[in-house]
Amino acid sequence: MTTVTPFPLVEIAGAPKARGTAYGEQARGRIGASVALYAAQLDRFGFRRDDVGRFSGIFLPRLRQWAPDLVEEMEGIASGANVDLSSIVLVNARTEILQLARREKGISDDEPDGCTGAAILPEATRNGRLIHGQNWDWKAECAETSVVLRIRRTDGPDLLTFTEAGGLARSGFNAAGIGITANYLESDRDYREIGIPLPFIRRRALEAQHFSHAIKVVATTPKSGSNNMILSTAEGFTVDLECAPDEVFAIYPDKDMIVHANHWQSPVALSKLRETGLRDVPDSLYRDHRVRRHLSARHGDITIDDVKEALFDDFASPFSVCRPVVRKEGGNLSATVAMIVFEPATGVMEIAPMPAQNREFTSYELTMDDAVLARAEKAVPARETSSISAQEKRWSALS
């Protein structure tokens, strides 16, 4: 890839069908490319076009029951993009469908959905505001098939999310100050049952008015496979939920931050299930350590630029925190497709496509609820409210 362009902003509003149609119309080209990417993957596995409908049909009945409004929105996306509904389900359930397809054909997974995520509490940042971000490692082609979606809602907080075109949500935050990022995990419990595809869970979490409701969605919704999700709030708290399909294990901040890559960290989780993902992402064992070490050295003075620099880390490249384009054994191109960093209290998300070759960020904004801003201000550590800096106090003591 020789040129890198910013991810386009798609803004939608109204009832589910209307906003879906607007989404499909605005992002038609990227949605078509997104559908083609995963349809081609199924074709390489030996499946026909009819199989897209078969796999989508595995999830649709339960989705209609669990989130009829989101199915209606997907119907609108399909209409606006001139594709069928099963194609939009394919984009939104691509992790689950590709895994089911591999298992049906006995094909091993050589391209797990990577990522390194971090959330830093106000106590550790320079300006006393929570910072949340991640690198998304996946197919390099997705630099041309992803968008930023801003949704104006009448029945809850507005939201801003980075997602694959046609997708309902991936990483982002809402006007209530609730943020989410997610990354791949794998265990021996995966794909025994059919659960709710992950983008639906992330979208519901971003629709929550209250942080506790977002936690409930992530913690209690049954899933097909394992996944890790970091939830944060502008009010100054974050929790990591390592999710098996049928159970969730919480990880709390250590030294005012959470850093997570693609291996299980919870001792309780490791005592109850078997880690099966490290065969595909052994680099996970040093990626989170590298980011944590960089940020820990800046504790109390961490800025968004520090978070970016930690996520730009190229130790052990190409299998680094920030991954350049590399061809995997199966022929797929893998890369850090996007670096996403946001500070919910300011309503700003910054994204750099293909950060291993591009350090230009584009800012996307969301108007935050006034009550959230007031509560976020209360979360600012006392050291930030004083007019006398810590350095000035030290000088005074010395004199």
Chemist: Are I180 and F173 side-chain neighbours, meaning at least one heavy-atom pair lies under 4.5 Å?
Modeler: no
Chemist: List the steps, then state whether side chain to side chain contact (heavy atoms under 4.5 Å, CB included) holds for H260 with L185.
Modeler: CA-CA 10 Å; H260 205 290; L185 281 180; 4.0 Å; yes
Chemist: So do V147 and T163 actually touch side chain to side chain, heavy atoms under 4.5 Å?
Modeler: yes
Chemist: Decide whether S187 and S226 meet the rule of one side-chain donor and one side-chain acceptor closer than 3.5 Å.
Modeler: yes
Chemist: Output a table of donor-acceptor pairs, distance under 3.5 Å, between side-chain atoms of residues 208-217 and any protein atom two or more places apart or on a different chain; print 'none' if there are none.
Modeler:
none

Chemist: Look at the side-chain heavy atoms of Ile, Leu, Val, Met, Phe, Trp and Tyr, link any pair under 4.5 Å apart, and say whether Y184 and V321 land in one connected group.
Modeler: no
Chemist: Where do P253 and I258 come nearest, in terms of heavy atoms and distance?
Modeler: CA-CG1, 3.6 Å
Chemist: Tell me if a side-chain donor or acceptor on D188 pairs with a main-chain N or O of R274 at a distance below 3.5 Å.
Modeler: yes
Chemist: Is the backbone of A165 close enough, under 3.5 Å, to the side chain of S146 for a donor and an acceptor to pair up by distance?
Modeler: no
Chemist: Can you check whether P324's main-chain N or O pairs, donor with acceptor, with Q357's side chain at less than 3.5 Å?
Modeler: no
Chemist: Is it the case that more than 12 heavy atoms not belonging to E104 sit under 6.0 Å from its CD atom?
Modeler: yes
Chemist: Can E25 and Y23 be counted as having a side-chain donor-acceptor contact under 3.5 angstrom?
Modeler: no
Chemist: Is there a donor-acceptor pair closer than 3.5 Å between any side-chain N or O of S271 and the backbone N or O of V268?
Modeler: yes
Chemist: Run the numbers on T336 and D137 for side-chain hydrogen bond (donor to acceptor under 3.5 Å, both in side chains), then give the verdict.
Modeler: CA-CA 4 Å; T336 297; D137 302 339; 2.6 Å; yes
Chemist: Whether the side chain of K223 engages the backbone of V218 through a donor-acceptor N/O pair (distance < 3.5 Å, no angle test) should be reported.
Modeler: yes
Chemist: Can a donor-acceptor pair be found between the side chains of E164 and Y38 at a distance below 3.5 Å?
Modeler: yes
Chemist: Could you tell me whether E73 and K17 make a salt bridge, using a distance below 4.0 angstrom between a side-chain N and a carboxylate O?
Modeler: no
Chemist: Taking all non-hydrogen atoms of both residues into account, name the closest pair between P197 and F59 and its distance.
Modeler: CG-CD2, 3.8 Å
Chemist: Can you find a side-chain donor-acceptor pair between E123 and H299 that sits under 3.5 Å?
Modeler: no
Chemist: Taking NZ, NE, NH1 and NH2 as the nitrogens, is one of them in E350 or K308 under 4.0 Å from a carboxylate oxygen of the other?
Modeler: yes
Chemist: T181 versus I340: any side-chain heavy-atom pair under 4.5 Å?
Modeler: no
Chemist: Do side-chain atoms of E96 reach the backbone of L198 as a donor and acceptor pair under 3.5 angstrom?
Modeler: yes
Chemist: Using modelled atom types only, decide if a donor and an acceptor are shared between the side chain of N135 and the backbone of L311 within a distance under 3.5 Å.
Modeler: yes
Chemist: Would you say S296 and M257 make side-chain contact, with heavy atoms under 4.5 Å?
Modeler: yes
Chemist: Hey, could you give me the OG1/CZ distance between T233 and F237, rounded to the nearest 0.5 Å?
Modeler: 9.5 Å
Chemist: What residues, two or more places apart in sequence or in another chain, satisfy salt bridge (charged side-chain N to carboxylate O under 4.0 Å, His left out) together with D306?
Modeler: R298
Chemist: Are the side chains of V10 and V148 in contact, using a 4.5 Å heavy-atom criterion?
Modeler: no
Chemist: Looking at S87 and V35, would you say the former's side chain and the latter's main chain have a donor-acceptor pair under 3.5 Å?
Modeler: no
Chemist: So do the side chains of P344 and L130 get within less than 4.5 Å of each other, counting heavy atoms only?
Modeler: yes
Chemist: Taking R189 first and then D246, would you say they form a salt bridge - that is, a charged N and a carboxylate O separated by under 4.0 Å?
Modeler: yes
Chemist: State plainly whether one hydrophobic cluster holds both F361 and M354, where clusters connect Ile, Leu, Val, Met, Phe, Trp and Tyr through side-chain heavy atoms under 4.5 angstrom apart.
Modeler: no
Chemist: Whether E365 and R150 form a salt bridge (side-chain N of Lys/Arg under 4.0 Å from carboxylate O of Asp/Glu) is what I want to check.
Modeler: no
Chemist: Going by distance alone, is a donor N or O of one side chain under 3.5 Å from an acceptor N or O of the other, for D84 and S86?
Modeler: yes
Chemist: Would you confirm whether R64, through its side chain, and P68, through its main-chain N or O, come within 3.5 Å as a donor-acceptor pair?
Modeler: no
Chemist: Same cluster or not: are L37 and L168 linked, directly or through other Ile, Leu, Val, Met, Phe, Trp or Tyr residues, by side-chain heavy atoms under 4.5 angstrom apart?
Modeler: yes
Chemist: Determine the minimum heavy-atom distance between A316 and Y286, stating which atoms define it.
Modeler: CB-OH, 3.5 Å
Chemist: Please identify which of these residues, Q134, R202, H132, meets the side-chain hydrogen bond (donor to acceptor under 3.5 Å, both in side chains) condition with S171.
Modeler: Q134
Chemist: What closest approach, in Å, do Q41 and R102 show between heavy atoms, and which atom pair accounts for it?
Modeler: NE2-NH2, 4.0 Å
Chemist: Regarding H294 and D313, do their side chains bring together a donor and an acceptor under 3.5 Å, going by distance alone?
Modeler: no
Chemist: Would you sort out whether T276 and E186 count as a side-chain hydrogen bond (donor to acceptor under 3.5 Å, both in side chains), showing the intermediate values?
Modeler: CA-CA 5 Å; T276 59; E186 187 179 309; 3.0 Å; yes
Chemist: Side chains of D158 and N174: is there a donor and an acceptor less than 3.5 Å apart?
Modeler: no
Chemist: Is there side-chain contact between F7 and P353, with at least one heavy-atom pair below 4.5 Å?
Modeler: yes
Chemist: Do you know which two heavy atoms are closest between I302 and L295, and how far apart they sit?
Modeler: CD1-O, 3.3 Å
Chemist: Nearest 0.5 Å, please: how far is CG in L42 from NZ in K105?
Modeler: 10.5 Å
Chemist: Taking E144 first and then R30, would you say they form a salt bridge - that is, a charged N and a carboxylate O separated by under 4.0 Å?
Modeler: yes
Chemist: Please round to the nearest 0.5 Å and tell me the distance separating atom CG of N183 and atom CD1 of I230.
Modeler: 6.0 Å
Chemist: Using a 6.0 Å cut-off, check whether atom CZ of R293 has over 12 heavy atoms from anything other than its own residue.
Modeler: no
Chemist: Compute the ring centroids of Y364 and F162, then answer whether they are less than 6.0 Å apart.
Modeler: no
Chemist: Side chains of T221 and W66: does their closest heavy-atom pair fall under 4.5 Å?
Modeler: yes
Chemist: Using the six-membered ring wherever Trp is involved, compare the ring planes of W264 and F249 and label them parallel, tilted or perpendicular (cut-offs 30° and 60°).
Modeler: perpendicular
Chemist: Would R323 and W138 count as a cation-pi pair here, with the cationic atom under 6.0 angstrom from the ring centre and within 45° of the axis?
Modeler: no
Chemist: Does a donor on one side chain sit under 3.5 Å from an acceptor on the other, for Q265 and D288?
Modeler: yes
Chemist: Checking K139 now: which residues fulfil salt bridge (charged side-chain N to carboxylate O under 4.0 Å, His left out) with it, not counting sequence neighbours?
Modeler: E111
Chemist: If we count only N and O atoms by modelled type, under 3.5 Å, do the side chains of T116 and R287 hold a donor and an acceptor together?
Modeler: yes
Chemist: Please lay out, stage by stage, how R203 and D69 fare under the test salt bridge (Lys or Arg N to Asp or Glu O under 4.0 Å).
Modeler: CA-CA 12 Å; R203 172 64 176 270; D69 57 317; over 6 Å; no
Chemist: Compare every heavy atom of A169 with every heavy atom of L206, then report the nearest pair and how far apart it is.
Modeler: CD1-CB, 4.2 Å
Chemist: S320 and D314: side-chain donor and acceptor closer than 3.5 Å?
Modeler: no
Chemist: Ignoring hydrogens and angles, tell me if any N or O in the side chain of N92 forms a donor-acceptor pair with the backbone of I88 under 3.5 Å.
Modeler: yes
